[in-house]
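Notes for the one structure printed next.
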Amino acid sequence: GRVTNPGRGAGVDLVIQADDLPLDKMLKDALKERGRGYLDVFESLQPEGKVRLVSRLHRPPGVDRRYEAVNEITLTGTEICYKDFPYRLTDASGTILIEGPVTRIIGVEGRHGPARIKVAGRLENTAQGSVVDLKIDGTDVPLDEELASALPAKQGVAYRSFHPSG
């Protein structure tokens, strides 16, 4: 990276990379130190396994300038289970990009038993709460109780009323 004009008004451009970063308690504790937003994303995805992380930190030169961070997380055989749709994906690949309050999910694919699931979209933390816009596509998804249980309550009731199978 690079630091220009060291001192109170320093400009900073850094890239920090970690390959095979374990998604464990030590990382979760470190995220607590960074602020609620990072921890919220981590907890909402309930990840397990390892990822590749590239963090880009930028601070324009000048007094009272703020740091901007972009965190690119590459899933590499990772397991994730989004808390609002608890249908665990295994062997997941793709990218999660965190920039301020916005998290973008780009080309995430994984398996759930015989099912192949694709997820894309964004999550944003606002003063009014979280805004979620996700597209979930699946092939060979078993129409079973496990899927019904992952649905929100109202949709789960409607799903069960059709008695789907297959």
Side-chain angles (χ1 to χ4, degrees), residues 16-56 68-166:
I16 302 167
Q17 180 174 320
D19 295 324
D20 295 324
L21 178 66
L23 300 168
D24 57 11
K25 184 180 180 328
M26 184 182 288
L27 176 60
K28 188 173 179 179
D29 290 345
L31 292 173
K32 287 179 189 174
E33 300 292 322
R34 293 286 306 140
R36 190 73 223 170
Y38 290 98
L39 187 58
D40 286 346
V41 170
F42 186 87
E43 289 178 340
S44 75
L45 297 173
Q46 304 173 54
E48 294 180 15
K50 295 181 180 182
V51 296
R52 178 177 187 259
L53 172 68
V54 178
S55 291
R56 292 173 180 82
E68 300 165 8
V70 175
N71 297 290
E72 183 176 327
I73 302 162
T74 304
L75 306 177
T76 54
T78 311
E79 291 190 21
I80 54 176
C81 185
Y82 182 54
K83 71 176 182 176
D84 292 331
F85 187 76
Y87 199 69
R88 180 160 294 279
L89 295 184
T90 60
D91 197 28
S93 60
T95 301
I96 298 172
L97 195 62
I98 305 170
E99 191 169 358
V102 177
T103 300
R104 287 187 288 152
I105 299 173
I106 304 163
V108 170
E109 295 186 28
R111 298 199 70 80
H112 185 92
R116 191 71 163 142
I117 311 291
K118 296 180 182 181
V119 182
R122 66 186 267 140
L123 301 90
E124 182 171 0
N125 291 321
T126 68
Q128 293 76 33
S130 295
V131 177
V132 178
D133 180 17
L134 292 177
K135 179 180 179 184
I136 303 171
D137 289 320
T139 56
D140 298 324
V141 178
L143 302 176
D144 58 12
E145 184 56 31
E146 194 171 358
L147 175 60
S149 295
L151 295 169
K154 280 185 178 180
Q155 287 81 3
V157 169
Y159 174 89
R160 288 180 183 96
S161 73
F162 288 103
H163 305 286
S165 63

Exercise for review: Would you check, one step at a time, whether the test salt bridge (Lys or Arg N to Asp or Glu O under 4.0 Å) holds for E68 with R56?
Suggested key: CA-CA 8 Å; E68 300 165 8; R56 292 173 180 82; over 6 Å; no
Practice item. Calculate, to the nearest 0.5 Å, the distance between atoms CD and CG belonging to E109 and L75 respectively. Key: 11.0 Å
Review point. Quick one: does E124's side chain have a donor or acceptor within less than 3.5 Å of a partner on V131's backbone?
Key: no
Practice item. Would you check if there is a donor-acceptor pair between the side chains of R52 and Q17 at a distance under 3.5 Å? Key: yes
Practice item. Evaluate the side-chain proximity of K50 to L21: yes if any heavy-atom separation is below 4.5 Å, no if none is. Key: no
Revision key, fill the gap. d(S55 OG, I73 CD1) to nearest 0.5 Å is 8.0 Å
Exercise for review: For the pair R111 (side chain) and P114 (backbone), establish whether a donor and an acceptor sit closer than 3.5 Å, ignoring hydrogens and angles.
Suggested key: yes
Check your understanding: Which of these passes side-chain contact (heavy atoms from CB on, under 4.5 Å) with L123: I96, I105, D84?
Key -> I105
**Study point:** Residue pair L97 / T103, side-chain heavy-atom distance below 4.5 Å
**Key:** no
Point to revise | Residue pair E48 / L23, side-chain heavy-atom distance below 4.5 Å | key: no
Review point. When rounded to the nearest 0.5 angstrom, what distance separates CG in L151 from CZ in R160?
Key: 7.5 Å
Exercise for review: Indicate yes or no: at least one non-hydrogen side-chain atom of V108 is less than 4.5 angstrom from one of T95.
Suggested key: no
Point to revise | Pairwise side-chain contact, Y159 with L147, heavy-atom cut-off 4.5 Å (strictly under) | key: yes
Exercise for review: Without swapping roles, check the side chain of T78 against the backbone of T76 for a donor-acceptor pair under 3.5 Å.
Suggested key: yes
Practice item. Output the distance between atom CZ (R122) and atom CZ (R104), rounded to the nearest 0.5 Å. Key: 7.5 Å
Exercise for review: Search all heavy atoms of Y87 against all heavy atoms of C81 and return the closest pair with its distance.
Suggested key: N-SG, 3.7 Å
Practice item. Would you mind listing every salt bridge (charged side-chain N to carboxylate O under 4.0 Å, His left out) that reaches into residues 127-138, with sequence neighbours excluded? Key: K135-D137
Check your understanding: So, H112 side chain and R88 main chain: donor-acceptor pair closer than 3.5 Å or not?
Key -> yes
Check your understanding: Between atom CG of L143 and atom OG of S165, what is the distance when rounded to the nearest 0.5 Å?
Key -> 7.0 Å
Practice item. Please answer whether the main-chain N or O of E43 pairs with a side-chain N or O of D40 as donor and acceptor at a distance below 3.5 Å. Key: no
**Study point:** Derivation and outcome, side chain to side chain contact (heavy atoms under 4.5 Å, CB included), residues V70 and I98
**Key:** CA-CA 6 Å; V70 175; I98 305 170; over 6 Å; no
Review point. Below 4.5 Å, heavy atoms only, C-beta onward: do E145 and S149 meet side chain to side chain?
Key: yes
**Study point:** Sidechain N-carboxylate O distance under 4.0 Å for K25, D29
**Key:** yes
Check your understanding: When rounded to the nearest 0.5 angstrom, what is the spacing between CG in L134 and CZ in F85?
Key -> 10.5 Å
**Study point:** Sub-4.5 Å side-chain heavy-atom contact between L89 and Y82
**Key:** no
